[in-house]
Each structure stands twice: as C-alpha cells, then as structure tokens.
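I have placed the structure first, in the form of structure tokens, so that the comments after it can refer back to it.
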Amino acid sequence: MKPVRIGLLGCGTVGGGVVQLLHENARYLASRVGAELSIARVLVRAPERERVPQLSRALLTTDPELLFNDSSIDLFVEVIGGVDPARAYVERALDQGRSVVTANKMLLALHGPALVDRAIARGADLAFEGSVGGGIPIVRTLREALASDWVVSLRGIINGTCNYILSRMSLEGSTFEAALAEAQELGYAEAEPSLDVDGHDAAHKLVVLAMLAFGARVSIGSVPVEGIRRIQPIDHQFAARFGFAIKHLAIGRDHGGAVELRVHPALVRRESVLANVSGVLNAIALEGRALGPCLLSGRGAGDLPTAVSVVADIVDVARARLHGTAGLDTRAIQLQARPVQPLEDLVCRSYLRFPVRDRPGVLARIAGALGECGVSIEQMVQQGSSSSETPVQIVLLTHAARERDVTRALLLLRDADFAVQPALRIRVDE
Ligand code: HSE
C-alpha cells in the first residue's frame, strides 16, 4: 500500500512531539493504518531554528504553496496555533477535500462550527483531539464512547497553568506572580500568559467541549470568563477553613434550550475528586444521563501528551481515507445554535473576602448591604489586627443566592470608605 503523506503545518512544541511519535512508532502505526505514515513536507516560519533530531531538514519550507499545490499530500496536520494564518490553511485544505487534524483550540472556539460545516460539505474529516486536555482522550470519549448517551453536565480543570499556579499557592503559599513565573519556566503557559490566567484558554476549550457534549454552536463572547489574578494565598487558607479548595473550573450544563457555560475560579469541596487534581494535571468530570458520573484525568499540556492525541487523530483520518469513509466521523458532529444562559440567573453560594479598615460599624454595613439585596450569610471570619498597617480581612460564606443579587450587594459596598480594595468573590461549585 502507498504511504499516507502528511503535510505538517507548523513544527513547534506539539509539532516536534508529533514528528517524534510518528518516527518512534512508525512500524506499529503502519500496521494500525494499513499503510506507512510519511511526513511529506513541513511548513515553518524559521527554518534555521533547531528542531527535533528525527526531522529531516530537507522537508522544511516557508512556502505554503509547496504543500497546497502538492496533490500527493493526503492530509494536513495543523499545529501552528492561533487564528491567522492557521484558519486560512485549514480552510484551504478542506476546500481541496483533504482532511485536517488540528490541536488549535482558539481556532475551533472561534470558527469550529463553520469549519465542521466546510469539512462535511467537502467530504473531509476535521479531527481535533489535541485541542482540549492535551493527551486526555476527551474528544473521543464524547464523540464515540458516549454516542448512545446524553451528557447532562461537565466540570473541568482544563488549564494546566491555572491549576499549577493555584496548587503552588495552596501547597507552598507562593504568590500568584512567583507561581506564574515557575509555570512559564516549565513551559506550561501559553506564549501570552493572559490567555491562561485570565481564563480565555479554558473558555476556548469549553466551547469545543460544548460542541461535542451538547451539540452546541455558541459564540465565545457569550461565555462568562474570569481568571485567577486576584486570588491570594490567604484565600486558600480561608477556603480550607470552610472545607474547600480553590480550583479554576470550566462548567457546562445542558438545560434543554439554553446551555450553561462559564469559566471562573470556584470553591470545590476538599474531599471531591476535582479538589485533588493538582499541579499541571487536567481533569474533566462528566455526567451522562445513562452512564452517570465519569472522570478523565491526565496531562493536559506539553509536547508528547498533546502529540499522542494528534497522532491518534492522524491514524483515524488516514484509515478513513484508505477505507473510503473520510468525513464520516465529522458528519456525526451535529451542531445547533444554542443561547448561553445569562450568568446573572445563576444561583450558588459565594465566598466573599473584604479587605477593610477595622472600624466600628464595618461588619454591620457589609451585613446590611447583603441583607438589603436578599443575600444571607452562612459563616463569617475576621482575620488581622487593627493595630497593624495591613487591612483586616472579613471573609464570608453566603447561603445560595442569585448572582445578580450578590453583584448588586458588592456594588453597594465597592466605594465604601472602609474598603481598602474591592471585595473578592469566588462562587462555590457544589
Ligand atoms: N497553556 C495551556 C495550559 C496548554 O496551561 O493548559 C495546553 O492547552
């Protein structure tokens, strides 16, 4: 059988891992596919850069035409990341009827449904296991293993950088800045760290998961997103006192018409499985109507874990091409435009920390504003000494309350003369 020829678009961290795994497992992969997998050409921006030793320099080019005009290329693998020029390349490959494997969560979150439509129209495949959860087979699980089930909800730790930072803060008392610097040194963080720490990377991944779990076509702009910049080591201590850990979560729930999608830090019960997923690990907890609960956890970032997912997609796509079933897997992704439930309708408990000047009447004013908005207090702690220069911390756990009421109470207190900084609010995920 003729080899299956791959056009590799980009060869950075993940691309290097793909080259390495294709090389190391060549014989076994050929036996799985029924033909050898061969890299035909590699599009890069900087050919002089050092690459993995398994990659022949003769394959490198900076000219995309050499790949798109080469009709012997059977499938494309896009590991450039970002929207431009990746989107144009993926569209061009699909328009040529050639299947695409991509690990590009941002591209899928912004243009995924249109790309799926395009692939279906051209009888090609669009495979994207590497876009969420690195090496965790979450896309396959949703697309194939749960084909006969209905996913009711999912809760995931899907940004390794946030999880690493929060874990370091909680276990070592590190500051946010020190923990972020460590994550960057270890190569977990995106080139632009705000994608990680402000929650956008997790939001991109959640939109991809919502496509598969709920068949939802949503606009990324309608997903409420919060990052972890304002969390301090002291919040982990207070959370632990109340019996919780702080995690950065992506949450999705199918409400029939609307879907609930949100990304934010959350207090999770200390004994829950997600509370115990530490460091750079990712985890996704699913709830299937027939299956019940299911947890997938593993390495959500890094060259080789993500490359494992990309190569698994290459095997599937190459096999489908050889068997004349290209496009079948992609046709199974059925998407419908769904509204995202407004966050202000959410009802949950909240953790509130007020850094304040310790004066008579402060507690009464905080309790008064909350009471006026119908938010009831469940527990309260005050820490700090009025004699010191530093503010005291008043920390509350509220009973379940509507988002819009908590927001209104915090607004009433925002400019109070006793407030040293605006209050920090973290939702509780029960
Ligand atoms: N920056 C991402 C993370 C890498 O921290 O999870 C994988 O998408």
Side-chain angles (χ1 to χ4, degrees), residues 10 12-18 77-83 86 101-110 112 127-139 154-169 174 176-212 220 223 225-229 231 246-251 263-266 274 277-285 296-313:
T13 312
V14 176
V18 170
V77 175
E78 185 274 310
V79 281
I80 301 169
V83 172
V101 172
T102 177
N104 192 333
K105 54 230 165 160
M106 187 191 277
L107 176 64
L108 291 163
L110 271 64
F128 44 89
E129 182 66 76
S131 63
V132 184
I136 303 172
I138 179 65
V139 171
L154 60 89
R155 289 154 68 242
I157 294 173
I158 51 178
N159 183 272
T161 302
C162 283
N163 203 37
Y164 181 84
I165 292 173
L166 293 176
S167 302
R168 297 293 291 170
M169 279 182 161
S174 308
F176 169 82
E177 290 75 16
L180 171 61
E182 279 177 41
Q184 285 174 314
E185 262 165 50
L186 292 164
Y188 301 145
E190 297 294 314
E192 170 50 73
S194 81
L195 279 174
D196 292 308
V197 298
D198 294 324
H200 305 296
D201 177 77
H204 293 152
K205 294 167 177 168
L206 179 61
V207 168
V208 177
L209 291 176
M211 281 169 56
L212 299 161
I220 179 87
V223 178
V225 182
E226 276 172 34
I228 59 167
R229 282 188 203 265
I231 294 171
I246 303 174
K247 292 288 170 188
H248 189 249
L249 294 189
I251 297 171
V263 170
H264 54 75
L274 288 183
V277 174
S278 296
V280 75
L281 284 181
N282 281 197
I284 299 137
L296 284 94
S297 178
R299 285 168 69 190
D303 55 353
L304 291 176
T306 310
V308 166
S309 289
V310 173
V311 173
D313 277 348

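Just follow the structure's listing: the first ligand is 1, and inside any ligand the first atom is 1.
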query: Tell me the side chain to side chain donor-acceptor pair (under 3.5 Å) pairs involving residues 176-189, sequence neighbours left out?
result: Tyr164-Glu182, Arg168-Glu182
query: Does some side-chain heavy atom of Phe176 sit less than 4.5 Å from a side-chain heavy atom of Ile231?
result: no
query: With sequence neighbours excluded, what pairs up with Lys105 under the salt bridge (charged side-chain N to carboxylate O under 4.0 Å, His left out) test?
result: Glu190, Asp201
- prompt: What are the two closest non-hydrogen atoms of Ala86 and Gly81, and how far apart are they?
  reply: CB-O, 4.1 Å
Per-pair distances, 0.1 Å, donor-acceptor, side chain in residues 297-308, under 3.5 Å, sequence neighbours excluded:
{"from": "Ser297", "atom 1": "OG", "to": "Asn282", "atom 2": "O", "distance (Å)": "3.0"}
{"from": "Thr306", "atom 1": "OG1", "to": "Gly302", "atom 2": "O", "distance (Å)": "2.9"}

Check: Phe128 main-chain N/O paired with Thr102 side-chain donor or acceptor under 3.5 Å: no
field: Protein residues having a heavy atom less than 4.0 Å from any atom of ligand 1
entry: Lys105, Asn159, Gly160, Thr161, Tyr188, Glu190, Asp196, Asp201, Lys205, Gly300, Ala301
